[in-house]
**Q** 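Have a look at the structure that comes next, please.
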Amino acid sequence: MAGCFLDRPEEVVVVTGGSGGIGEALVRALEKRGAAVAIIDLAVPGFELGKNTRFFECNVGSWEAVKQAQEKIIRTILSTPEASLCRTFDFNVLGVPFCIKAFLPSVIARDHGHIAVMSSIKAFMTATRAVDYAASKAAVTSLVEGLQTELVHEHENPRVKVSAIFPAVVSTDMAGAIGEGMDGFMLPTLRPEAVARRVLEVLESGSRYACTLFGGIHCAPG
């Protein structure tokens, strides 16, 4: 019988009462193993959490509170509300072509410009608890690739550039809202300022780029 792979980030260890006592000791031991840990407790931990540990305030004596904590920790495509799915695709998928359709004609007419589209590394690395988000970013990536081709072959305008940015986990409020709060287990967290700086560099370069941003940054001409 195979045991638990505690050093695998996709396996989250939920520790009830992990803010102190035996629970705290267990959390610290798990952190040393490199495990991804979710603490659910009413008390706030009095110790510094490891990089792969998250705290969720929860009264385990309440079924509703436990269910709410579980939904935050384990978010699957089947448990995602329909309204949330629609909102994700409205913003991430429809929003991009709408904005491009509004502004691109004038950019083409000037024969000069650069469109930078914010995608996500999840377009290539779909993780549990973010399937809808990953699918929306994959759609955006296909849109960028198609737009690059159309600019050259349909509009005969290769001087207008289109770049795609693929950051990993970024410490923003939106990341938590879409269920990415546990992703620090898998990838290092980026600051928004670091992503913004790279976008500026891409715009100033005059070339098309596909940029993947992890703890470091790798960019390749498109």
Side-chain angles (χ1 to χ4, degrees), residues 77 80 83-181 183-184 186-222:
I77 190 67
T80 304
S84 178
L85 288 172
C86 291
R87 185 167 56 251
T88 296
F89 278 80
D90 283 348
F91 289 151
N92 290 348
V93 181
L94 294 179
V96 175
F98 284 172
C99 291
I100 290 174
K101 186 176 176 64
F103 290 97
L104 186 57
S106 62
V107 175
I108 292 175
R110 294 178 59 189
D111 195 28
H112 174 73
H114 198 142
I115 297 172
V117 178
M118 191 63 62
S119 185
S120 169
I121 200 65
K122 283 191 174 62
F124 311 110
M125 298 169 56
T126 304
T128 184
R129 303 188 299 277
V131 174
D132 54 333
Y133 179 77
S136 71
K137 290 302 185 179
V140 167
T141 302
S142 294
L143 176 66
V144 169
E145 294 174 350
L147 182 58
Q148 288 176 335
T149 302
E150 284 194 353
L151 281 169
V152 174
H153 298 289
E154 299 294 331
H155 301 284
E156 298 181 354
N157 195 324
R159 295 183 62 184
V160 175
K161 310 301 181 184
V162 183
S163 293
I165 316 298
F166 301 94
V169 185
V170 184
S171 57
T172 64
D173 293 338
M174 182 180 293
I178 62 174
E180 290 190 340
D183 276 1
M186 301 182 67
L187 297 168
T189 301
L190 293 165
R191 296 292 303 166
E193 294 80 7
V195 180
R197 282 195 301 270
R198 190 58 196 138
V199 173
L200 288 177
E201 292 171 3
V202 167
L203 293 175
E204 292 173 343
S205 70
S207 300
R208 291 195 305 267
Y209 277 89
C211 295
T212 53
L213 288 72
F214 294 94
I217 295 174
H218 171 71
C219 291

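Since this is a predicted model, take the numbers as computed values, not measurements. Computed over heavy atoms, backbone and side chain alike; hydrogens, waters and symmetry mates excluded.
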**Q** For Asp90, which of Leu94, Val93, Thr88 qualifies under side chain to side chain contact (heavy atoms under 4.5 Å, CB included)?
**A** Leu94
**Q** So, do Leu147 and Leu104 sit near enough that their side-chain heavy atoms are less than 4.5 Å apart?
**A** yes
**Q** So, Lys137 side chain and Met118 main chain: donor-acceptor pair closer than 3.5 Å or not?
**A** yes
**Q** Which heavy atom of Pro167 sits nearest a heavy atom of Ser119, and at what distance?
**A** CD-O, 3.6 Å
**Q** Heavy atoms, side chains only, cut-off 4.5 Å: are Lys161 and Val202 in contact?
**A** no
**Q** Answer whether the closest heavy-atom distance between the side chains of Val107 and Ile115 falls below 4.5 Å.
**A** no
**Q** Does Glu193, at its CD atom, have more than 12 non-hydrogen atoms belonging to other residues, nucleotides or ligands within less than 6.0 Å?
**A** yes
**Q** Under the side-chain hydrogen bond (donor to acceptor under 3.5 Å, both in side chains) rule, collect the residues that match up with Arg197, sequence neighbours excluded.
**A** none
**Q** Atom CG of Asn92 and atom CG of Leu143: how far apart are they, to the nearest 0.5 Å?
**A** 12.0 Å
**Q** Decide if atom NE2 of His112 counts as having more than 12 heavy atoms of other residues, nucleotides or ligands within a radius under 6.0 Å.
**A** no
**Q** Measuring from atom OG of Ser163 to atom CZ of Arg198, what distance do you get when rounded to the nearest 0.5 angstrom?
**A** 9.0 Å
**Q** Applying side-chain contact (heavy atoms from CB on, under 4.5 Å), name anything that partners Ala135, two or more places apart in sequence or on another chain.
**A** Phe89
**Q** Find the distance between CZ (Arg87) and OG (Ser136) and round it off to the nearest 0.5 Å.
**A** 12.5 Å
**Q** Supply the atom-to-atom distance Glu154 CD to Thr149 OG1, rounded to the nearest 0.5 angstrom.
**A** 9.5 Å
**Q** Distance check, rounded to the nearest 0.5 Å: Lys122 atom NZ versus Thr141 atom OG1?
**A** 13.0 Å
**Q** Could you walk me through whether Val96 and Val144 pass the side chain to side chain contact (heavy atoms under 4.5 Å, CB included) test, one step at a time?
**A** CA-CA 9 Å; Val96 175; Val144 169; 5.9 Å; no
**Q** Determine whether Gln148 and Val152 make a side-chain contact, defined as any pair of heavy atoms from C-beta on separated by less than 4.5 Å.
**A** no
